[in-house]
Amino acid sequence: LYALLGLLVAFLGYRMVRPLNIFVVSEAFERPIPVTNPPRALRSLSASECARCHAEIYQEWSASMHAQAWADPYFQVDFAFDGSQQICRNCHTPLQNQQEHLVLGFRDTEKWKPILAPNEAFDRDLQAEGVTCAVCHVRGETIIGPYGDTGAPHPTRRDPAMTDGFGACTRCHVASGNRWDTFYRIPPCGTVAEINEAGTAANCTSCHMPSVVRPAWNGGIPRPGRQHLWKGGHDPATVRQALEVELDVGDAGETTGRRATLTLTNVGADHYLPTGTPDRHLTVDFRLKNAGGEVLESRRHVLKRTILWRPFIVDLRDTRLPKGAPRTYVFDFRISSEPRPAALEVVIRYHLLDEPRRKRIGYDNGEPISTVLYRRQVDLD
């Protein structure tokens, strides 16, 4: 009995210190994409080469988080904090020439310990481009896209993945957590899987790549295409657009009582709101203020995903907003108390990162890590 107990304690102790593998490494992204040469008539795999003919698309990509996938300061700090694991590079710098090492194989069955060798074709400038044009549009030495009849100087063919709404997105956004020691539904990188779990056909492009009619290249003929914006969790306006807010302040049934009823509905995202890393969350604050603006009473609700990471990965609680399911929060208060309340303020804030997490990883953010999505103050008679 004592031997078994000792083994159990040793096993749990190991689970508390072992490398934290938070998703299953699938064949789709176990290695970088083996694109090493540009298609004929192109001088390089760089996005700047594409910009010679596709200037407007290039400008959109340049302002996107895809372009910042490697250089983003938060990613770099978080990446280093978690041990700079090779597997992260395969989505943040997906092309083989973007990586300093070649992946020859793996020392473990879970593929978290790659066998590496120096990559003589490594291009540091290309690495800085993150999810660059060639990641989605070059296969072999051919450009793929929604059309195959472009008459372009480089080889071109149509690929259904460019028109099916999510095909080009799945390589990096369907990470699975289906493993014996994990008891959570969707890993942090699995947004497409989160959509599929809800029973909705994934259609990433309808929101993140809005439809547009324009020439695909400089001087071309206008025809249907999509903007290369990929606005999402890093764009407060996009998050705000997905959230419907209704606030009603009325009588609570007593002459001196009031009730604030706040209803939130995710009307714009097929996945949960917010999605992505579990650090992202919403806060709802009710604040009762006096005439001088001092807060007399407050209440906060947090909408986030809470996960136990060790010794096993377990989904403990998820209070985020699923698509189309209204969520109501009620705040009761009295207006006859002293000091007398003069106004009720309701604030909804979106957080990209938990403050404790920011401090723990040592991220000295140059930009705000939270933003106000909704603020309303109701004067109380």
Side-chain angles (χ1 to χ4, degrees), residues 1-32 74-92 99 101-117 170-198 271-272 274-281 302-320 351-363:
L1 179 61
Y2 288 110
L4 289 175
L5 183 59
L7 288 173
L8 177 62
V9 171
F11 173 71
L12 293 177
Y14 167 71
R15 297 289 306 183
M16 294 300 292
V17 299
R18 68 183 287 273
L20 190 60
N21 302 340
I22 63 174
F23 53 80
V24 174
V25 177
S26 75
E27 185 177 350
F29 58 85
E30 67 183 34
R31 286 177 168 86
Y74 168 63
F75 167 73
Q76 283 294 325
V77 172
D78 200 42
F79 178 57
F81 182 82
D82 286 335
S84 302
Q85 300 192 66
Q86 163 65 31
I87 191 61
C88 300
R89 299 176 186 269
N90 293 348
C91 283
H92 286 261
Q99 300 193 14
H101 297 92
L102 301 173
V103 178
L104 304 182
F106 302 92
R107 295 186 177 88
D108 63 327
T109 57
E110 292 189 343
K111 302 176 183 177
W112 283 82
K113 297 178 180 178
I115 300 169
L116 303 176
T170 57
R171 181 182 184 273
C172 291
H173 291 283
V174 293
S176 167
N178 187 20
R179 200 171 53 201
W180 72 270
D181 61 346
T182 61
F183 304 91
Y184 70 164
R185 302 186 317 278
I186 307 297
C189 308
T191 301
V192 172
E194 191 176 80
I195 297 172
N196 292 339
E197 182 196 58
H271 46 69
Y272 282 86
T275 191
T277 68
D279 290 319
R280 297 179 184 177
H281 62 284
V302 180
L303 289 69
K304 76 175 297 186
R305 188 179 178 191
T306 304
I307 299 173
L308 174 71
W309 297 107
R310 296 181 184 276
F312 299 98
I313 300 176
V314 182
D315 259 319
L316 297 179
R317 192 173 182 224
D318 193 345
T319 56
R320 297 175 301 159
H351 305 257
L352 271 170
L353 181 62
D354 266 324
E355 179 62 16
R357 170 75 176 175
R358 185 195 69 78
K359 291 180 178 178
R360 187 163 64 252
I361 68 176
Y363 176 47

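Arg310 places a side-chain N or O within donor-acceptor distance of the main-chain N or O of Arg18, the cut-off being under 3.5 Å. Of the possible donor and acceptor atoms, one in the side chain of Arg107 sits under 3.5 Å from a partner among the backbone N and O of Pro114. For His281 (side chain) and Asp279 (main-chain N/O), a donor-acceptor pair under 3.5 Å exists by modelled atom type. Proximity of a side-chain donor or acceptor of Thr319 to a complementary backbone N or O of Val302 within less than 3.5 Å is detected. No side-chain donor-acceptor contact under 3.5 Å links Arg305 to the backbone of Pro278.
Taking CD1 from Ile115 and CG from Leu102, the interatomic distance works out to 12.5 Å, rounded to the nearest 0.5 Å. In this structure, the separation between CZ on Phe11 and CG on Leu4 is 13.5 Å, given to the nearest 0.5 Å. Note that CD of Glu355 is 11.0 Å distant from CZ of Arg360, once rounded to the nearest 0.5 Å. Taking CG of Asp318 as the reference point, atom OH of Tyr272 lies at 5.5 Å (rounded to 0.5 Å). Going from atom CZ of Phe312 over to atom CH2 of Trp180 covers 5.0 Å, rounded to the nearest 0.5 Å. A distance of 13.5 Å separates NZ of Lys111 from CG of Asn21, quoted to the nearest 0.5 Å.
Of the options Arg358, Arg357, Lys359, a side-chain contact (heavy atoms from CB on, under 4.5 Å) to Ile361 is made by Arg357 and by none of the others. Between Gln86 and the choices His101, Glu30, Gln99, Arg31, the side-chain hydrogen bond (donor to acceptor under 3.5 Å, both in side chains) rule is met once, by Gln99.
Smallest separation of non-hydrogen atoms from Trp309 and Pro188: CH2-CG, 4.3 Å. Of all heavy-atom pairs between Val25 and Ile87, the closest is CG1-CD1, 3.6 Å. Closest of all the heavy-atom pairs between Thr191 and Gly276 is OG1-N, 4.1 Å. When all heavy atoms of Thr170 and Val174 are compared, the pair lying nearest together is O-CG2, 2.7 Å. Among all heavy-atom pairs drawn from Ala117 and Leu104, the shortest one is CB-CD1, 3.7 Å. The shortest heavy-atom contact between Asn90 and Phe29 is ND2-O, 3.1 Å.
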Note to self: Checking Leu308 against Phe183 for the side-chain contact (heavy atoms from CB on, under 4.5 Å) test, could you report, in this order, the C-alpha distance in whole Å, the side-chain angles of both residues, the deciding distance, and whether it holds?
What the structure shows: CA-CA 9 Å; Leu308 174 71; Phe183 304 91; over 6 Å; no
Can you list the steps and then say if Leu116 with Val103 is a side-chain contact (heavy atoms from CB on, under 4.5 Å)?
CA-CA 5 Å; Leu116 303 176; Val103 178; 3.9 Å; yes
*asked:* side-chain contact (heavy atoms from CB on, under 4.5 Å) for Cys91 and Arg171? Distances and angles first, verdict last.
replied: CA-CA 8 Å; Cys91 283; Arg171 181 182 184 273; 4.3 Å; yes
- So Phe75 and Tyr363, side-chain contact (heavy atoms from CB on, under 4.5 Å) or not? Walk me through it. CA-CA 10 Å; Phe75 167 73; Tyr363 176 47; over 6 Å; no
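Atom CZ of Arg15 is surrounded by more than 12 heavy atoms from other residues, nucleotides or ligands within 6.0 Å. Counting heavy-atom neighbours within 6.0 Å of Asp108 CG, excluding the residue itself, gives a total above 12. More than 12 non-hydrogen atoms from other residues, nucleotides or ligands lie less than 6.0 angstrom from NZ of Lys304.
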